[in-house]
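Since the model is a prediction, treat every value here as computed from it, not as a measurement. Numbers restart at 1 for each chain; the letters A, B, ... are given by sequence-line order, proteins then strands.
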Amino acid sequence: MAEIIRSVKGTRDFYPEDMAVRRWMFDIIREVSTRFGYQEYDGPCLEFIDLYAAKSGEELVKEQAFVFSSPGDDLLTLRPELTPTLARMVAQQQFEIPMPLRWWSIGPFWRYEKPQRGRTREFFQWNIDLVGTEKVSADAEIVAVAATFLQETGLSPEQVRIFVNNRRLMDSALSRLDIDETLKTSVFRVVDKIDKLSKREWQAFALESGMTQEQVDGLLSLLKDEDLWKESDELVAFFELIQSYGVGDYVAFNPKVIRGLDYYTGTVFEAFEIGGKSRAILGGGRYDNLVADVGGNPLPGVGFAMGDVVMELVLRDAGVIPENLGNISQVIVTVFNEETLSESIKVANTLRDAGYRVVLYPEFDKMGKQFKYADRLNIPVAVILGPDELEKSEVAVKNLRTREQVNVSREMLIEQIEKFLQRSP
RNA sequence: GUGCCUGUAGCUCAAUGGUGGAGCGCCUCACUGUGGAUGAGGAGGUCGUGGGUUCGACCCCCAUCAGGCACCCCA
């Protein structure tokens, strides 16, 4: 066999069974997003690199973006994230769009990373944002959307949890420890590392980043304080509202959640798998200057992003992905020989008009082979149209699960198929 | 960028340095109007690639390519 040209590293092939899982997941995303009144949007996959240079972390553009020059010598990049595109789209029509806007999107993104479990170079990301209000009720709504999604997939609060924190709360708490403004960014990084390093390593890392031993101890007790949120009016209001959404079980306070990006200003949150690998599933928060960097007036907003790769792993491990996804055909119409082919086509079309998913066997193979083919495609019902049936203007309908077979008139065909399908959907 | 592991049939994987196998899948037949089972037969391989050691290499060594995993980084 000739050598097959391999696929590009970090990309995935979606065979029908894979595509069915993706479709299932995306349908839940769409359903939940629109149920909360969000509108679908999208931007181009290609952008000028300048769009990201302004805002995204330097790292993201310089090291992780697919950048290339077009034949016209433009420096282009395959979008590594959607937020800058959203910012531009909003800025371009800032006074046309009714605020607050609720937009969601799902599409492909690219990052030049080293592929490993849960990480590919080409992936899909769900983005959802509520822009134009700084009310804490907006924060609660966005987190409720995330929680509702998790719930709809079948994941339980014992399997996943959304951990919430607040940047302003942490800011003032850090100030109480006499941590200087200039140090805060690196302290946030220290916080971010606490569960990734051993106790000793973490202490060393904390001291290295410029904190005193006293401050490190203070920070440590701060991060253990499960009641810290009560000091924040915003968080108190937030948790009250999230209860009203009925998804309180999925949401919890966690002072360790801080998130790397600089542009978050208030509420920040991350969903994690509980136990197991405790992988991060989605993350987001409040930002107060969405469009400022692309030249518009500052707009407050809140949103999150979720990658499909880790999400699918979590769903798979949790065992919540339904069996038999995808559009399995319901009926196969067999073809006896060349003379009966046109009758088979007519019957197949009748069934299609009635809304069934129908496969017509493409050749004149012997019945055994046609049934075997139906088996492999997991089709539950077969229609047989041979010379005997044609002569009596009947059709034979066979339930391939139970082997039951009956001859019925053409008029009774749909009724009979419906009977078999109800018994084995 | 660093480290570890793996490349053998379409797929999943075996094979003490001495003539490359199994399971699944595929094709044919038993079965010329009825499938999942069973049995019989069959097709299918440059052992990732290139060097080296050896009387002899799938096996040992080196290089290289590809894939996976864990770091680093990050959502």
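B/G35 and B/U12 are spaced 31 Å apart, taking the P atom of each and rounding to whole Å. Comparing the P positions of B/G67 and B/U34 gives a spacing of 49 Å, expressed to the nearest Å. Nucleotides B/U19 and B/C58 are separated by 13 Å at their C1' atoms, to the nearest Å. Rounded to a whole angstrom, the distance from the C1' atom of B/C69 to that of B/C27 is 39 Å. Straight-line distance between the C1' atoms of B/A66 and B/G48: roughly 7 Å, to the nearest whole Å. Atom name P, nucleotides B/U16 and B/G21: the rounded distance is 14 Å, in whole Å. Taking atom P on both nucleotides, B/U8 is separated from B/U2 by 26 Å, rounded to a whole Å. Rounded to a whole angstrom, the distance from the P atom of B/A70 to that of B/U28 is 44 Å.
A/R102 has a carboxylate O that lies under 4.0 Å from a charged side-chain N of A/E141, or vice versa, which qualifies the two as a salt bridge. Electrostatic pairing of A/E113 and A/R119 counts as a salt bridge here, judged by a charged N lying under 4.0 Å from a carboxylate O.
Between A/K398 and B/G35 there is no side-chain N or O to OP1 or OP2 distance below 4.0 Å. Contact between the side-chain N/O atoms of A/Q116 and the OP1/OP2 oxygens of B/C69 is not found at any separation under 4.0 Å.
At a cut-off of 3.5 angstrom, counting only N and O atoms as typed in the model, there is a donor on one side and an acceptor on the other between the side-chain of A/R119 and the base of B/C73. Judged by distance alone, with hydrogens and angles left aside, A/R403 brings a side-chain donor or acceptor within reach of the base of B/G36, the pair sitting under 3.5 Å. Not a single donor-acceptor contact under 3.5 angstrom links the side-chain atoms of A/K366 to the base of B/U32. Counting distance only, with no hydrogens placed and no angle test, the side-chain atoms of A/Q370 and the base atoms of B/G33 include no donor-acceptor pair under 3.5 Å.
Nucleotide B/G33 holds its P atom 13 Å from the CZ atom of A/F371, rounded to whole Å. With rounding to whole Å, A/E113 atom CD is found 13 Å from B/C73 atom P. B/A75 atom P lies 19 Å from atom CH2 of A/W126, rounded to whole Å. Distance A/R401 CZ to B/U34 C1': 16 Å, rounded to the nearest Å. Rounded to an integer number of Å, the gap from CG of A/N399 to P of B/G35 is 15 Å. A/R117 places its CZ atom 19 Å from the P atom of B/U6, with the value rounded to the nearest Å. Put simply, OH on A/Y361 is 14 Å from P on B/U34, counting in whole angstrom units. Atom CG in A/D13 sits about 18 Å away from atom P in B/G10, given to the nearest Å.
In this structure B/G41 sits in a base pair with B/C27, meeting the Watson-Crick or G-U test at under 3.5 Å. Both distances falling under 3.5 Å, in either a Watson-Crick or a G-U wobble arrangement, place B/C69 opposite B/G3. Within the shown strands, B/U49 is the pairing partner of B/A63 under the Watson-Crick or G-U definition, both distances less than 3.5 Å. Remark: B/A22 base-pairs with B/U12. Criterion, Watson-Crick or G-U wobble with two distances under 3.5 Å.
The aromatic ring centres of A/F36 and A/W104 sit 6.0 Å or more apart. Taking the six-membered ring for Trp and the full ring otherwise, the centers of A/W229 and A/F239 sit less than 6.0 Å from each other. If you look at A/F336 and A/F364, their ring centroids are not closer than 6.0 Å. You'll find the ring centres of A/Y112 and A/F66 inside the 6.0 Å limit.
Residue A/K114 is in base contact, counting any heavy-atom pair closer than 4.0 Å across all strands shown. Within the nucleic acid shown, A/A305 has no heavy atom closer than 4.0 Å to any nucleic acid atom. Note on A/G368: only backbone sugar-phosphate atoms sit closer than 4.0 angstrom, heavy atoms only; bases stay farther off. Within the nucleic acid shown, A/Q405 comes within 4.0 Å of at least one base atom, counting heavy atoms only.
Considering all non-hydrogen atoms of both residues, A/M211 and A/I179 come closest at CE-CD1, 3.9 Å.
Each of A/P387 and A/K369 has a nearest nucleotide on RNA chain B; the 5'-most of these lies closest to A/K369. The residue among A/M367 and A/G118 whose nearest nucleotide of RNA chain B lies closer to the 5′ end is A/M367.
Cation-pi geometry between A/K398 and A/F371 is satisfied (NZ or CZ under 6.0 Å from the ring centre, within 45° of the ring normal).
The side chain of A/R111 has B/A75 as its nearest neighbour among B/A75, B/C26, B/G67. Set against B/C26, B/U34, B/G36, the side chain of A/D375 has B/G36 as its closest nucleotide.
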